[in-house]
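To start, the structure under review is shown below, and the notes come after it.
This structure is a prediction, so every number in the text was calculated from the model and none was measured. The sequence lines fix the lettering, A, B, ..., with proteins before strands; numbering per chain opens at 1.
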2 protein chains.
Amino acid sequence: MARQDKRQQIMQAAERLFTSRRFHEITLDDVARTAKVGKGTIYRHFRDKDDLFFQTATSGFDELCELLRRQVPAGASFFDQLTEACMQISRFFEQRRQLFRMMQTEEGRMQWCGGSLRDRWLERRKGLVSAVAEILAKGVAEGQVRADIPPEVLAHLLLGLLRTRARDLSEVAPADCGLALVMDVFYNGVCRRGAGGQASQGTQKDTSP
Amino acid sequence: MARQDKRQQIMQAAERLFTSRRFHEITLDDVARTAKVGKGTIYRHFRDKDDLFFQTATSGFDELCELLRRQVPAGASFFDQLTEACMQISRFFEQRRQLFRMMQTEEGRMQWCGGSLRDRWLERRKGLVSAVAEILAKGVAEGQVRADIPPEVLAHLLLGLLRTRARDLSEVAPADCGLALVMDVFYNGVCRRGAGGQASQGTQKDTSP
DNA sequence: GAAACGAAACTGACTGGTCAGTATCATAGC
DNA sequence: GCTATGATACTGACCAGTCAGTTTCGTTTC
(Lines give C-alpha, C1' and ligand atoms only; values in the text may rest on other atoms or scores of the structure.)
Protein backbone atom coordinates (compact mmCIF):
# COMPACT_ATOMS: atom_id res chain seq x y z
CA MET A 1 0.00 0.00 0.00
CA ALA A 2 1.32 3.35 -1.02
CA ARG A 3 2.24 6.05 1.41
CA GLN A 4 -0.56 8.37 0.34
CA ASP A 5 -3.09 5.62 0.87
CA LYS A 6 -2.03 5.33 4.47
CA ARG A 7 -2.37 9.02 4.91
CA GLN A 8 -5.82 8.93 3.39
CA GLN A 9 -6.81 6.06 5.61
CA ILE A 10 -5.69 7.91 8.70
CA MET A 11 -7.55 11.06 7.76
CA GLN A 12 -10.71 9.14 7.04
CA ALA A 13 -10.54 7.43 10.40
CA ALA A 14 -9.78 10.74 12.07
CA GLU A 15 -12.74 12.39 10.40
CA ARG A 16 -15.02 9.60 11.45
CA LEU A 17 -13.89 9.73 15.04
CA PHE A 18 -13.37 13.43 15.53
CA THR A 19 -16.84 14.10 14.17
CA SER A 20 -18.45 11.67 16.54
CA ARG A 21 -16.93 12.69 19.83
CA ARG A 22 -14.95 15.51 21.33
CA PHE A 23 -11.27 16.05 20.78
CA HIS A 24 -10.23 14.94 24.20
CA GLU A 25 -12.44 11.89 23.99
CA ILE A 26 -10.56 10.50 21.03
CA THR A 27 -7.26 8.76 21.52
CA LEU A 28 -4.70 8.23 18.86
CA ASP A 29 -4.98 4.56 19.64
CA ASP A 30 -8.58 4.83 18.51
CA VAL A 31 -7.52 6.51 15.33
CA ALA A 32 -4.81 3.96 14.67
CA ARG A 33 -7.14 1.07 15.31
CA THR A 34 -9.88 2.50 13.13
CA ALA A 35 -7.43 3.26 10.35
CA LYS A 36 -5.92 -0.20 10.67
CA VAL A 37 -2.53 1.36 11.04
CA GLY A 38 0.19 1.33 13.64
CA LYS A 39 0.04 4.21 16.03
CA GLY A 40 3.55 5.26 15.10
CA THR A 41 2.52 5.60 11.48
CA ILE A 42 0.30 8.50 12.40
CA TYR A 43 3.38 10.35 13.51
CA ARG A 44 5.05 9.77 10.19
CA HIS A 45 2.27 11.74 8.54
CA PHE A 46 1.21 14.26 11.17
CA ARG A 47 3.26 16.21 13.64
CA ASP A 48 0.95 15.51 16.56
CA LYS A 49 -2.67 15.08 17.51
CA ASP A 50 -3.47 18.73 16.91
CA ASP A 51 -1.97 18.61 13.46
CA LEU A 52 -4.03 15.59 12.52
CA PHE A 53 -7.11 17.21 13.90
CA PHE A 54 -6.77 20.48 12.04
CA GLN A 55 -5.71 18.92 8.79
CA THR A 56 -8.86 16.85 8.97
CA ALA A 57 -11.03 19.81 9.86
CA THR A 58 -9.63 22.03 7.12
CA SER A 59 -9.91 19.40 4.45
CA GLY A 60 -13.57 20.34 4.14
CA PHE A 61 -12.71 23.75 2.77
CA ASP A 62 -10.50 22.25 0.14
CA GLU A 63 -13.19 19.84 -0.95
CA LEU A 64 -15.76 22.56 -1.08
CA CYS A 65 -13.57 24.95 -3.04
CA GLU A 66 -12.74 22.20 -5.47
CA LEU A 67 -16.43 21.48 -5.84
CA LEU A 68 -17.21 25.09 -6.63
CA ARG A 69 -14.36 25.37 -9.06
CA ARG A 70 -15.59 22.35 -10.95
CA GLN A 71 -19.36 22.65 -10.75
CA VAL A 72 -20.01 26.35 -11.16
CA PRO A 73 -19.95 27.05 -14.90
CA ALA A 74 -17.58 29.91 -15.57
CA GLY A 75 -19.54 31.34 -18.44
CA ALA A 76 -22.98 31.23 -16.89
CA SER A 77 -25.04 34.21 -15.80
CA PHE A 78 -24.71 35.65 -12.35
CA PHE A 79 -27.93 34.13 -11.19
CA ASP A 80 -27.15 30.68 -12.47
CA GLN A 81 -23.73 30.81 -10.90
CA LEU A 82 -25.08 31.94 -7.56
CA THR A 83 -27.78 29.31 -7.58
CA GLU A 84 -25.37 26.57 -8.50
CA ALA A 85 -22.87 27.68 -5.87
CA CYS A 86 -25.52 27.75 -3.16
CA MET A 87 -26.72 24.32 -4.20
CA GLN A 88 -23.24 22.89 -4.10
CA ILE A 89 -22.50 24.41 -0.72
CA SER A 90 -25.81 23.28 0.71
CA ARG A 91 -25.45 19.80 -0.64
CA PHE A 92 -21.98 19.57 0.78
CA PHE A 93 -23.23 20.70 4.17
CA GLU A 94 -25.94 18.07 4.03
CA GLN A 95 -23.96 15.17 2.73
CA ARG A 96 -20.97 15.79 4.92
CA ARG A 97 -22.97 16.91 7.88
CA GLN A 98 -20.51 15.56 10.39
CA LEU A 99 -17.51 17.22 8.84
CA PHE A 100 -19.48 20.42 8.48
CA ARG A 101 -20.23 20.38 12.17
CA MET A 102 -16.64 19.71 12.95
CA MET A 103 -15.61 22.67 10.85
CA GLN A 104 -18.17 24.82 12.64
CA THR A 105 -16.99 23.70 15.99
CA GLU A 106 -13.39 24.33 15.26
CA GLU A 107 -13.99 27.65 13.68
CA GLY A 108 -14.67 29.13 17.05
CA ARG A 109 -11.64 27.52 18.51
CA MET A 110 -9.08 28.54 15.98
CA GLN A 111 -8.28 31.59 17.99
CA TRP A 112 -6.74 29.45 20.65
CA CYS A 113 -4.29 27.76 18.41
CA GLY A 114 -0.75 28.38 17.54
CA GLY A 115 -0.28 30.83 14.72
CA SER A 116 0.48 28.50 11.88
CA LEU A 117 -2.61 26.36 12.33
CA ARG A 118 -4.84 29.37 12.64
CA ASP A 119 -3.29 30.94 9.59
CA ARG A 120 -3.75 27.82 7.57
CA TRP A 121 -7.37 27.71 8.62
CA LEU A 122 -8.04 31.32 7.73
CA GLU A 123 -6.31 30.89 4.42
CA ARG A 124 -8.47 27.95 3.42
CA ARG A 125 -11.54 29.70 4.65
CA LYS A 126 -10.69 32.77 2.67
CA GLY A 127 -10.53 30.67 -0.45
CA LEU A 128 -14.16 29.73 -0.04
CA VAL A 129 -15.28 33.25 0.77
CA SER A 130 -13.42 34.58 -2.25
CA ALA A 131 -15.03 32.08 -4.55
CA VAL A 132 -18.48 33.22 -3.45
CA ALA A 133 -17.48 36.87 -3.41
CA GLU A 134 -16.34 36.61 -6.98
CA ILE A 135 -19.77 35.50 -8.10
CA LEU A 136 -21.43 38.27 -6.13
CA ALA A 137 -19.03 40.81 -7.60
CA LYS A 138 -20.26 39.72 -10.99
CA GLY A 139 -23.79 40.37 -9.78
CA VAL A 140 -22.77 43.84 -8.71
CA ALA A 141 -21.09 44.46 -12.04
CA GLU A 142 -24.22 43.37 -13.87
CA GLY A 143 -26.32 45.67 -11.73
CA GLN A 144 -28.32 42.94 -10.09
CA VAL A 145 -26.79 43.28 -6.68
CA ARG A 146 -26.55 46.42 -4.63
CA ALA A 147 -23.19 48.07 -4.94
CA ASP A 148 -22.94 49.67 -1.53
CA ILE A 149 -21.61 46.59 0.17
CA PRO A 150 -18.26 44.96 -0.63
CA PRO A 151 -18.66 41.52 -2.22
CA GLU A 152 -16.64 39.88 0.55
CA VAL A 153 -19.10 41.12 3.12
CA LEU A 154 -21.99 39.88 1.02
CA ALA A 155 -20.28 36.54 0.68
CA HIS A 156 -19.90 36.23 4.42
CA LEU A 157 -23.53 37.07 4.96
CA LEU A 158 -24.68 34.57 2.38
CA LEU A 159 -22.48 31.86 3.82
CA GLY A 160 -23.85 32.76 7.22
CA LEU A 161 -27.38 32.20 6.02
CA LEU A 162 -26.49 28.89 4.42
CA ARG A 163 -24.73 27.87 7.57
CA THR A 164 -27.75 28.77 9.64
CA ARG A 165 -29.95 26.79 7.34
CA ALA A 166 -27.76 23.73 7.58
CA ARG A 167 -27.11 24.03 11.26
CA ASP A 168 -30.26 25.25 12.88
CA LEU A 169 -33.12 25.17 10.48
CA SER A 170 -32.64 21.68 9.20
CA GLU A 171 -33.40 20.50 12.70
CA VAL A 172 -35.98 23.01 13.76
CA ALA A 173 -38.09 23.41 10.67
CA PRO A 174 -36.74 21.50 7.70
CA ALA A 175 -40.01 21.60 5.85
CA ASP A 176 -40.28 25.35 6.10
CA CYS A 177 -36.86 26.13 4.93
CA GLY A 178 -35.81 25.10 1.47
CA LEU A 179 -32.70 26.47 -0.12
CA ALA A 180 -34.78 28.61 -2.44
CA LEU A 181 -36.35 30.29 0.54
CA VAL A 182 -33.03 31.19 2.08
CA MET A 183 -31.74 32.51 -1.21
CA ASP A 184 -34.91 34.50 -1.56
CA VAL A 185 -34.39 36.10 1.83
CA PHE A 186 -30.82 36.90 0.91
CA TYR A 187 -31.87 38.45 -2.35
CA ASN A 188 -35.13 40.13 -1.45
CA GLY A 189 -35.06 40.47 2.29
CA VAL A 190 -37.89 39.85 4.70
CA CYS A 191 -39.64 43.11 4.00
CA ARG A 192 -43.16 42.67 2.77
CA ARG A 193 -43.47 44.05 -0.73
CA GLY A 194 -46.36 45.28 -2.80
CA ALA A 195 -49.90 45.13 -1.49
CA GLY A 196 -49.47 48.53 -0.01
CA GLY A 197 -46.66 47.41 2.21
CA GLN A 198 -44.05 49.93 2.93
CA ALA A 199 -41.27 49.95 0.44
CA SER A 200 -37.63 49.68 1.12
CA GLN A 201 -37.26 52.55 3.42
CA GLY A 202 -35.17 50.22 5.36
CA THR A 203 -33.95 49.98 8.84
CA GLN A 204 -31.88 53.07 8.87
CA LYS A 205 -32.34 54.12 12.39
CA ASP A 206 -29.40 54.96 14.47
CA THR A 207 -27.97 51.64 15.41
CA SER A 208 -24.42 52.48 16.21
CA PRO A 209 -23.42 50.09 18.95
CA MET B 1 -20.13 34.15 51.94
CA ALA B 2 -23.39 32.77 50.66
CA ARG B 3 -23.66 29.57 48.72
CA GLN B 4 -24.76 31.29 45.54
CA ASP B 5 -21.79 33.59 45.71
CA LYS B 6 -19.47 30.61 45.68
CA ARG B 7 -21.23 29.21 42.73
CA GLN B 8 -20.97 32.53 40.97
CA GLN B 9 -17.27 32.74 41.74
CA ILE B 10 -16.65 29.31 40.32
CA MET B 11 -18.58 30.01 37.16
CA GLN B 12 -16.75 33.27 36.61
CA ALA B 13 -13.42 31.55 36.94
CA ALA B 14 -14.59 28.77 34.66
CA GLU B 15 -15.73 31.23 32.06
CA ARG B 16 -12.45 33.06 32.16
CA LEU B 17 -10.47 29.86 31.75
CA PHE B 18 -12.69 27.91 29.37
CA THR B 19 -12.84 30.88 27.04
CA SER B 20 -9.11 31.25 26.93
CA ARG B 21 -8.01 27.69 26.26
CA ARG B 22 -9.47 24.41 25.19
CA PHE B 23 -11.46 22.13 27.43
CA HIS B 24 -8.74 19.58 27.88
CA GLU B 25 -6.18 22.24 28.57
CA ILE B 26 -8.00 23.45 31.66
CA THR B 27 -7.69 21.53 34.90
CA LEU B 28 -10.11 21.77 37.76
CA ASP B 29 -7.15 22.71 39.91
CA ASP B 30 -6.82 25.77 37.68
CA VAL B 31 -10.46 26.58 38.17
CA ALA B 32 -10.28 26.12 41.93
CA ARG B 33 -7.18 28.27 42.19
CA THR B 34 -8.62 31.02 40.01
CA ALA B 35 -11.88 30.99 41.90
CA LYS B 36 -10.01 30.96 45.21
CA VAL B 37 -11.96 27.94 46.20
CA GLY B 38 -11.16 24.44 47.31
CA LYS B 39 -11.26 21.88 44.55
CA GLY B 40 -13.78 19.85 46.48
CA THR B 41 -16.14 22.82 46.60
CA ILE B 42 -16.51 22.67 42.86
CA TYR B 43 -17.98 19.23 43.26
CA ARG B 44 -20.50 20.53 45.74
CA HIS B 45 -21.90 22.76 43.01
CA PHE B 46 -21.32 20.85 39.80
CA ARG B 47 -21.58 17.18 39.06
CA ASP B 48 -18.34 17.01 37.10
CA LYS B 49 -16.14 18.94 34.73
CA ASP B 50 -18.61 18.60 31.87
CA ASP B 51 -21.41 19.93 33.98
CA LEU B 52 -19.41 22.98 34.98
CA PHE B 53 -18.42 23.54 31.40
CA PHE B 54 -21.90 23.41 29.94
CA GLN B 55 -23.48 25.41 32.69
CA THR B 56 -20.93 28.08 31.99
CA ALA B 57 -21.49 27.93 28.27
CA THR B 58 -25.26 28.09 28.53
CA SER B 59 -25.26 30.95 30.98
CA GLY B 60 -24.85 33.30 28.02
CA PHE B 61 -28.32 32.51 26.75
CA ASP B 62 -29.83 33.31 30.09
CA GLU B 63 -28.05 36.62 30.27
CA LEU B 64 -29.06 37.50 26.75
CA CYS B 65 -32.70 36.57 27.26
CA GLU B 66 -32.77 38.56 30.44
CA LEU B 67 -31.30 41.50 28.56
CA LEU B 68 -33.96 41.32 25.89
CA ARG B 69 -36.71 40.97 28.39
CA ARG B 70 -35.57 44.06 30.19
CA GLN B 71 -34.38 46.31 27.39
CA VAL B 72 -36.87 45.78 24.62
CA PRO B 73 -39.87 47.99 25.39
CA ALA B 74 -43.00 45.90 25.27
CA GLY B 75 -45.20 48.63 23.93
CA ALA B 76 -42.90 49.92 21.21
CA SER B 77 -43.43 49.57 17.47
CA PHE B 78 -42.17 46.58 15.57
CA PHE B 79 -39.24 48.49 14.16
CA ASP B 80 -38.16 49.92 17.44
CA GLN B 81 -38.37 46.54 19.08
CA LEU B 82 -36.42 44.83 16.33
CA THR B 83 -33.77 47.50 16.33
CA GLU B 84 -33.40 47.43 20.05
CA ALA B 85 -33.22 43.65 20.11
CA CYS B 86 -30.54 43.58 17.45
CA MET B 87 -28.57 46.22 19.26
CA GLN B 88 -28.75 44.34 22.51
CA ILE B 89 -27.72 41.09 20.90
CA SER B 90 -24.89 42.69 19.00
CA ARG B 91 -23.63 44.53 22.00
CA PHE B 92 -23.71 41.36 24.02
CA PHE B 93 -21.74 39.55 21.36
CA GLU B 94 -19.19 42.31 21.36
CA GLN B 95 -18.84 42.86 25.04
CA ARG B 96 -18.80 39.19 25.92
CA ARG B 97 -16.83 38.17 22.90
CA GLN B 98 -15.11 35.31 24.65
CA LEU B 99 -18.28 33.79 26.01
CA PHE B 100 -19.95 34.27 22.67
CA ARG B 101 -17.18 32.30 21.00
CA MET B 102 -17.42 29.61 23.59
CA MET B 103 -21.15 29.35 22.98
CA GLN B 104 -20.52 29.16 19.26
CA THR B 105 -17.95 26.48 19.71
CA GLU B 106 -20.14 24.39 21.91
CA GLU B 107 -23.20 24.80 19.81
CA GLY B 108 -21.75 22.53 17.19
CA ARG B 109 -20.79 20.04 19.79
CA MET B 110 -23.99 19.74 21.70
CA GLN B 111 -25.03 16.86 19.55
CA TRP B 112 -22.35 14.75 21.12
CA CYS B 113 -23.48 15.21 24.62
CA GLY B 114 -25.63 13.20 26.90
CA GLY B 115 -29.31 13.91 26.54
CA SER B 116 -29.90 16.15 29.52
CA LEU B 117 -27.14 18.59 28.72
CA ARG B 118 -28.18 18.82 25.12
CA ASP B 119 -31.78 19.30 26.09
CA ARG B 120 -30.92 22.02 28.51
CA TRP B 121 -28.90 23.74 25.81
CA LEU B 122 -31.65 23.57 23.24
CA GLU B 123 -34.17 24.81 25.74
CA ARG B 124 -32.14 27.90 26.57
CA ARG B 125 -31.42 28.50 22.94
CA LYS B 126 -35.06 28.23 22.10
CA GLY B 127 -35.80 30.94 24.61
CA LEU B 128 -33.65 33.36 22.68
CA VAL B 129 -35.06 32.37 19.30
CA SER B 130 -38.58 32.71 20.61
CA ALA B 131 -37.92 36.17 21.95
CA VAL B 132 -36.75 37.31 18.52
CA ALA B 133 -39.47 35.40 16.73
CA GLU B 134 -42.09 37.12 18.81
CA ILE B 135 -40.94 40.50 17.61
CA LEU B 136 -40.90 39.35 14.02
CA ALA B 137 -44.35 37.88 14.39
CA LYS B 138 -45.50 41.31 15.38
CA GLY B 139 -43.91 42.62 12.18
CA VAL B 140 -45.85 40.05 10.20
CA ALA B 141 -49.06 40.94 11.95
CA GLU B 142 -48.51 44.60 11.19
CA GLY B 143 -47.88 43.80 7.54
CA GLN B 144 -44.29 44.94 7.52
CA VAL B 145 -42.73 41.54 7.24
CA ARG B 146 -43.51 38.93 4.64
CA ALA B 147 -45.97 36.37 5.90
CA ASP B 148 -44.83 33.39 3.88
CA ILE B 149 -42.10 32.39 6.31
CA PRO B 150 -42.68 31.29 9.90
CA PRO B 151 -41.36 33.79 12.44
CA GLU B 152 -39.11 31.15 14.01
CA VAL B 153 -37.34 30.64 10.73
CA LEU B 154 -36.96 34.37 10.29
CA ALA B 155 -35.55 34.61 13.79
CA HIS B 156 -32.98 31.95 13.05
CA LEU B 157 -31.92 33.70 9.88
CA LEU B 158 -31.60 37.03 11.63
CA LEU B 159 -29.62 35.54 14.45
CA GLY B 160 -27.46 33.84 11.85
CA LEU B 161 -26.69 37.17 10.25
CA LEU B 162 -25.88 38.77 13.57
CA ARG B 163 -23.70 35.85 14.42
CA THR B 164 -21.88 36.15 11.14
CA ARG B 165 -21.35 39.81 11.73
CA ALA B 166 -19.94 39.23 15.18
CA ARG B 167 -17.90 36.23 14.25
CA ASP B 168 -16.51 36.80 10.81
CA LEU B 169 -17.10 40.33 9.71
CA SER B 170 -15.82 42.04 12.78
CA GLU B 171 -12.44 40.59 11.95
CA VAL B 172 -12.50 40.72 8.21
CA ALA B 173 -14.12 44.04 7.50
CA PRO B 174 -15.29 45.77 10.63
CA ALA B 175 -15.48 49.16 8.97
CA ASP B 176 -17.71 47.91 6.20
CA CYS B 177 -20.19 46.18 8.33
CA GLY B 178 -22.17 48.15 10.83
CA LEU B 179 -25.21 46.70 12.47
CA ALA B 180 -27.46 48.90 10.38
CA LEU B 181 -26.04 47.38 7.25
CA VAL B 182 -26.73 43.84 8.39
CA MET B 183 -30.24 44.74 9.41
CA ASP B 184 -30.72 46.41 6.09
CA VAL B 185 -29.69 43.26 4.25
CA PHE B 186 -32.03 41.25 6.40
CA TYR B 187 -34.88 43.58 5.67
CA ASN B 188 -34.27 44.56 2.09
CA GLY B 189 -32.02 41.89 0.71
CA VAL B 190 -29.04 42.36 -1.55
CA CYS B 191 -31.07 42.83 -4.68
CA ARG B 192 -30.46 46.13 -6.35
CA ARG B 193 -33.59 48.21 -6.38
CA GLY B 194 -34.79 51.14 -8.40
CA ALA B 195 -32.70 52.89 -10.98
CA GLY B 196 -31.19 55.63 -8.90
CA GLY B 197 -27.80 54.33 -7.95
CA GLN B 198 -27.08 53.53 -4.36
CA ALA B 199 -23.85 55.38 -4.68
CA SER B 200 -20.88 54.91 -2.47
CA GLN B 201 -17.92 52.73 -2.29
CA GLY B 202 -18.64 49.71 -4.41
CA THR B 203 -15.55 48.61 -6.22
CA GLN B 204 -17.54 47.88 -9.32
CA LYS B 205 -18.76 50.31 -11.93
CA ASP B 206 -22.40 50.42 -12.79
CA THR B 207 -23.09 48.66 -16.01
CA SER B 208 -26.79 49.10 -16.31
CA PRO B 209 -28.78 46.12 -17.44
C1' DG C 1 16.09 -13.78 -12.21
C1' DA C 2 17.47 -13.98 -7.92
C1' DA C 3 20.19 -12.76 -4.11
C1' DA C 4 21.93 -9.18 -1.30
C1' DC C 5 21.50 -4.74 0.37
C1' DG C 6 19.89 -0.36 2.28
C1' DA C 7 16.66 3.12 3.21
C1' DA C 8 12.34 4.35 4.40
C1' DA C 9 7.88 3.05 6.21
C1' DC C 10 5.71 0.84 9.60
C1' DT C 11 4.45 -1.35 14.10
C1' DG C 12 2.88 -1.67 18.88
C1' DA C 13 4.46 -2.28 23.55
C1' DC C 14 6.14 0.83 26.75
C1' DT C 15 6.76 5.10 29.65
C1' DG C 16 6.43 9.28 32.08
C1' DG C 17 3.49 12.57 33.18
C1' DT C 18 -1.12 14.26 33.87
C1' DC C 19 -5.47 14.89 35.99
C1' DA C 20 -10.44 13.90 37.41
C1' DG C 21 -12.37 12.72 41.15
C1' DT C 22 -12.12 11.28 46.23
C1' DA C 23 -10.68 11.32 50.95
C1' DT C 24 -9.13 13.66 54.95
C1' DC C 25 -8.91 17.07 58.30
C1' DA C 26 -8.83 21.46 60.45
C1' DT C 27 -11.44 25.74 60.49
C1' DA C 28 -15.30 28.97 60.20
C1' DG C 29 -19.88 30.43 60.66
C1' DC C 30 -24.32 29.83 62.33
C1' DG D 1 -23.16 20.50 66.97
C1' DC D 2 -23.58 20.73 62.16
C1' DT D 3 -22.80 22.06 57.66
C1' DA D 4 -20.00 24.21 54.26
C1' DT D 5 -15.51 25.13 53.20
C1' DG D 6 -10.22 25.47 52.11
C1' DA D 7 -6.35 23.10 51.75
C1' DT D 8 -3.97 19.31 50.36
C1' DA D 9 -2.77 14.57 49.72
C1' DC D 10 -3.86 10.64 47.23
C1' DT D 11 -4.91 7.28 43.50
C1' DG D 12 -6.11 4.93 39.65
C1' DA D 13 -6.95 5.46 35.02
C1' DC D 14 -5.54 7.30 31.01
C1' DC D 15 -2.89 8.68 26.92
C1' DA D 16 0.44 11.34 23.87
C1' DG D 17 4.44 10.46 22.17
C1' DT D 18 8.69 7.31 21.65
C1' DC D 19 11.69 3.88 19.92
C1' DA D 20 13.67 -0.64 19.06
C1' DG D 21 12.58 -3.99 16.18
C1' DT D 22 10.13 -5.60 11.68
C1' DT D 23 8.46 -5.23 7.03
C1' DT D 24 8.39 -3.39 2.48
C1' DC D 25 10.31 -2.15 -1.69
C1' DG D 26 13.39 -0.31 -4.99
C1' DT D 27 18.21 -0.85 -6.59
C1' DT D 28 22.41 -3.10 -7.47
C1' DT D 29 25.20 -6.96 -8.42
C1' DC D 30 26.19 -11.32 -10.12
For this session: Name the nucleic acid region contacted by B/Leu52, choosing base, sugar-phosphate or nothing; use a 4.0 angstrom heavy-atom cut-off, strictly under.
Result: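 Nothing, no heavy atom under 4.0 Å.
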Exercise. Within the structure shown, what part of the strands sits under 4.0 Å from B/His24 by heavy-atom distance: base, sugar-phosphate, or nothing?
Worked result: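 Result for B/His24 = nothing.
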When you get a sec, tell me which of [options] is the closest nucleotide to the side chain of [X]?
X	options	result
A/His45	C/dC10, C/dA20, D/dA16	C/dC10
B/Tyr43	C/dC19, C/dT11, C/dG21	C/dG21
B/Leu28	C/dC10, C/dC19, C/dG21	C/dG21
A/Asp48	D/dC15, C/dA8, D/dG17	D/dG17

Problem set entry | N/O donor-acceptor pair, side chain A/Lys39 with base D/dA16, under 3.5 angstrom |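 When only heavy-atom distances are counted, A/Lys39 does reach the base of D/dA16 through a donor-acceptor pair under 3.5 Å.
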[X] [atom1] to [N] [atom2], straight-line distance once rounded to whole Å:
X	N	atom1	atom2	result
A/Phe46	C/dC10	CZ	P	11 Å
A/Gln9	C/dA9	CD	C1'	14 Å
B/Asp51	C/dA20	CG	P	15 Å
A/Glu25	D/dC15	CD	P	10 Å
B/Arg22	C/dC19	CZ	P	14 Å
B/Ile42	D/dT8	CD1	P	15 Å
B/Arg21	C/dT18	CZ	P	14 Å
A/Asp30	D/dC15	CG	P	8 Å

So, is the end of the [X] side chain (NZ or CZ) under 6.0 Å from the ring centre of [Y] and within 45° of the ring's axis?
X	Y	result
A/Lys138	A/Phe79	no
B/Arg167	B/Phe100	no
A/Arg163	A/Phe93	no

For this session: Find which nucleotide of DNA chain C each of A/Gly38 and A/Asp29 is nearest to by heavy atoms, and output the residue with the more 5' nucleotide.
Result: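 The answer here is A/Gly38.
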Exercise. Given that A/Gly40 and A/Arg44 both sit by DNA chain C, which one's nearest nucleotide is further toward the 5' end?
Worked result: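 Upstream on the strand: A/Arg44.
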Exercise. Distance check: side-chain N/O of B/Thr41 vs OP1/OP2 of D/dT5, anything under 4.0 Å?
Worked result: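 Result: no.
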Exercise. OP1 or OP2 of C/dT11 less than 4.0 angstrom from a side-chain nitrogen or oxygen of A/Lys6, does that happen here?
Worked result: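 Looking at the OP1 and OP2 atoms of C/dT11, one of them is under 4.0 Å from a side-chain N or O of A/Lys6.
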Exercise. Under 3.5 Å, is there a donor-acceptor pair linking the side chains of B/Gln55 and B/Arg7?
Worked result: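 Short answer, yes.
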Problem set entry | Greater than 12 external heavy atoms within 6.0 Å of A/Glu15's CD |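 Correct, the count exceeds 12.
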